[in-house]
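Below is one structure, written out as structure tokens; comments come after it.
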There are 2 protein chains.
Amino acid sequence: MLTKAEYTKQHILETVAPIFNKNGYAATSLSDVTKATGLTKGAIYGNFKNKEELAVAAFKHTVKKLMSHISSYIEKSESPIQKLYLIADFYKNYYSLSKTYGGCPVLNIGVDANNQNSELLEKVRVVIERIQDQVATIIEDGIEAGEISIEINAMQYAKRIDSMIQGAIFMTYTMDDEFYMKDTMKQIEDMITNELKA
Amino acid sequence: MLTKAEYTKQHILETVAPIFNKNGYAATSLSDVTKATGLTKGAIYGNFKNKEELAVAAFKHTVKKLMSHISSYIEKSESPIQKLYLIADFYKNYYSLSKTYGGCPVLNIGVDANNQNSELLEKVRVVIERIQDQVATIIEDGIEAGEISIEINAMQYAKRIDSMIQGAIFMTYTMDDEFYMKDTMKQIEDMITNELKA
DNA sequence: AAAAAAATATACCAATTGGTATATTTTTTT
DNA sequence: AAAAAAATATACCAATTGGTATATTTTTTT
């Protein structure tokens with residue numbers, strides 16, 4: 001069971017994470033934080049060293065949530081190539097899912113932190129690398145299993161897919177139009193079928 | 001010739017545009033503006049109604065510059081399909097080019113303005129639509145000229161290419177790695193050759 | 001139930017925020 | 001060169017910023 005203190009910390013993160021994600025670091029003020037949580041500065045600064053640490057924790061919190069969504073989704077199949085199709089399928093609903101958390105943290109904080117907050121930027125980079133490693137591993141598993149052509153450069157394709165997905169997320173959010181998300185996922189499915197498949 | 005007043009306005013925009021582009025709207029303060037331009041608030045507010053109008057003008061200024069770069073670049077060929085290859089080629093150097101202006105204004109301001117500044121967001125949307133219309137027109141011209149397959153949906157491909165480019169820009173900036181930009185342009189060139197070409 | 005420890009609220013701080021009214025300087029028109 | 005107009009600088013404003021020291025309240029341990 002959560003102690004009262006642990007509950008408070010969770011409550012702060014859950015409340016504050018979407019705000020930082022939507023507004024960015026500079027545009028989120030401490031009074032936004034206290035207003036949203038219903039707590040005072042004393043409570044916030046008792047739990048987090050400063051605004052930056054809170055923003056980092058909030059980013060990690062949202063990433064964790066979203067990563068667990070996709071992780072459990074691709075568990076639906078054991079087959080590496082099927083897992084790739086499941087990733088494409090997962091992102092078809094990513095707009096409404098990520099909206100719950102105030103948007104895509106990688107895109108939002110990645111752009112926001114660049115030139116502004118090197119600590120946050122570093123956290124974003126680590127997440128991107130982790131995601132790409134996971135996709136690359138799936139592709140490598142697929143090659144080993146004979147499902148995916150041996151000529152495929154796993155890391156290159158992982159980066160390509162990731163880049164396409166981020167582009168689709170940006171376009172979908174900026175234009176408020178799911179066309180980009182859906183169309184890009186179709187494109188990725190075609191890529192899997194026509195380029196990756198052994 | 002520019003009058004002194006017009007020169008000042010240009011000077012403000014040229015100095016301030018990269019700052020808004022890098023930092024975003026909220027993270028750019030009026031004192032950043034006065035410090036960088038060497039002018040006082042009186043001069044700034046004499047030329048722009050408020051911070052928002054200045055940010056909008058700065059965004060338009062950067063977009064105009066970048067658009068004129070790409071426009072003159074694709075004039076190198078008359079052929080629609082060659083123009084598409086030239087677009088892909090242009091973006092191979094987009095990282096260093098756009099850095100001069102403080103980054104890609106569409107990406108940076110698009111993400112920054114979302115949930116924050118609806119007027120700025122609207123300007124970004126207009127720019128995106130204009131870019132896509134231009135690409136779609138080139139594709140349609142290519143179809144008419146018999147260079148591009150009649151089965152191609154011009155607008156769909158324009159959006160696809162745009163989305164891939166934005167993804168590559170995001171990844172390149174966030175990871176500070178040109179691989180994404182270069183690889184995506186190769187991918188787009190392959191798309192032109194294998195999917196679009198009649 | 002009392003004592004100790006931990007968490008939270010309160011009251012404060014200097015610095016900065018975007019913006020304005022007015023004085024001064026510079027530029028343009030006559 | 002003088003007068004008018006325009007541009008810019010100065011001096012100010014209330015509100016807000018992130019943060020801290022300390023008082024108070026709540027929770028946990030004994």
Side-chain angles (χ1 to χ4, degrees), chain A residues 1-17 19-59 61 109 112-113 115-121, chain B residues 1-59 61 109 112-113 115-121 123:
Chain A
M1 202 196 77
L2 287 176
T3 66
K4 195 85 197 277
E6 288 166 332
Y7 171 82
T8 299
K9 196 160 188 170
Q10 278 309 111
H11 165 65
I12 293 171
L13 284 181
E14 221 140 297
T15 311
V16 148
I19 299 174
F20 272 109
N21 200 7
K22 271 187 277 188
N23 299 351
Y25 181 73
T28 303
S29 69
L30 258 298
S31 76
D32 289 333
V33 170
T34 54
K35 213 179 295 170
T37 55
L39 294 164
T40 60
K41 282 195 196 177
I44 305 298
Y45 279 92
N47 282 285
F48 300 93
K49 200 179 114 215
N50 51 30
K51 191 184 162 184
E52 188 178 40
E53 207 190 67
L54 177 57
V56 168
F59 170 72
H61 181 263
I109 308 300
D112 184 65
N115 302 298
Q116 285 281 112
N117 189 314
S118 57
E119 198 182 323
L120 261 176
L121 178 61
Chain B
M1 202 194 77
L2 285 176
T3 68
K4 196 87 199 276
E6 288 165 334
Y7 171 82
T8 300
K9 196 159 188 172
Q10 277 310 110
H11 166 65
I12 293 171
L13 284 181
E14 221 140 296
T15 312
V16 148
I19 300 174
F20 272 109
N21 200 6
K22 272 187 276 188
N23 299 351
Y25 182 74
T28 303
S29 69
L30 257 298
S31 76
D32 291 333
V33 170
T34 53
K35 213 179 295 168
T37 55
L39 294 165
T40 59
K41 281 194 198 178
I44 304 299
Y45 279 93
N47 282 285
F48 300 94
K49 203 180 111 210
N50 53 30
K51 190 184 164 186
E52 188 178 40
E53 206 190 67
L54 177 57
V56 168
F59 170 72
H61 182 262
I109 309 300
D112 185 64
N115 301 298
Q116 284 280 113
N117 190 314
S118 56
E119 198 182 321
L120 261 175
L121 178 62
K123 305 295 173 199

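Just so you know, these numbers come straight off a predicted model, no measurement behind them. Throughout, a chain's letter reflects where its sequence line sits, starting with A, and its residues are numbered from 1.
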Tell me which of B:Lys9 and A:Lys49 sits closer to the 5' end of DNA chain D, going by the nucleotide each one is nearest to. B:Lys9
Using Watson-Crick geometry (N1-N3 plus N6-O4 or O6-N4) or G-U wobble (N1-O2, O6-N3), each under 3.5 Å, D:dT24 is paired with C:dA7
Cation-pi between B:Lys51 and B:Tyr45: NZ/CZ under 6.0 Å from ring centre and within 45° of the ring axis? no
Length of the line joining B:Ile44:CD1 and D:dA7:P, which is rounded to integer Å: 14 Å
Let me spell it out: for each of B:Glu52 and A:Gly38, pick the nucleotide of DNA chain C with the closest heavy atom. Which residue's pick is nearer the 5' end? A:Gly38
A:Tyr45 OH - D:dA21 C1' separation (whole Å): 14 Å
What's the closest nucleotide to the A:Ala43 side chain, out of D:dT8, C:dT20, C:dT8? C:dT8
Take atom CD1 of B:Ile12 and atom C1' of D:dT8, then tell me their distance rounded to the nearest Å. 10 Å
Determine: side-chain N/O of A:Ser31 to OP1/OP2 of D:dT17, distance under 4.0 Å, yes or no. yes
Measuring to OP1 and OP2 of C:dT17, would you say a side-chain N or O of B:Ser29 lies under 4.0 angstrom away? yes
Can you check whether A:Leu13 reaches A:Leu54 side chain to side chain, under 4.5 Å on heavy atoms? yes
For a quick check of understanding: with a heavy-atom distance under 4.0 Å over all strands, which category does B:Thr40 fall into, base, sugar-phosphate or nothing? base
Send over the distance from B:Leu30 CG to D:dA9 P, rounded to a whole Å. 14 Å
Within the 4.0 Å heavy-atom criterion, would you say B:Thr34 contacts the bases, only the backbone, or no part of the nucleic acid? nothing
Is there a side-chain polar atom (N or O) of B:Asn47 under 4.0 Å from OP1 or OP2 of D:dT8? yes
Find out whether B:Leu39 and B:Thr34 are in side-chain contact, i.e. whether some heavy atom of one side chain is under 4.5 Å from a heavy atom of the other. no
Looking at C:dT8, I'd like to know if its phosphate oxygens (OP1 or OP2) sit under 4.0 Å from a side-chain N or O belonging to A:Thr8. yes
What is the distance, to the nearest angstrom, from the CG atom on A:Leu39 to the P atom on C:dT8? 7 Å
When both hydrogen-bonding distances must be under 3.5 Å and the geometry is Watson-Crick or G-U wobble, what is D:dG18 paired with, if anything? C:dC13
In terms of the nearest nucleotide of DNA chain D, which residue is placed more toward the 5' end: A:Lys51 or B:Gly46? B:Gly46
Within the 4.0 Å heavy-atom criterion, would you say B:Thr28 contacts the bases, only the backbone, or no part of the nucleic acid? sugar-phosphate
Looking at B:Leu30, B:Asn50, B:Val16, which hits side chain to side chain contact (heavy atoms under 4.5 Å, CB included) with B:Ile44? B:Leu30
Across every strand shown, the nucleotide meeting Watson-Crick or G-U wobble geometry with C:dT29 (both distances under 3.5 Å) is D:dA2
In whole angstrom, what separates B:Asn50's CG from C:dT17's C1'? 14 Å
Rounded to whole Å, the CD-C1' distance (B:Glu53 to C:dG18) equals 15 Å
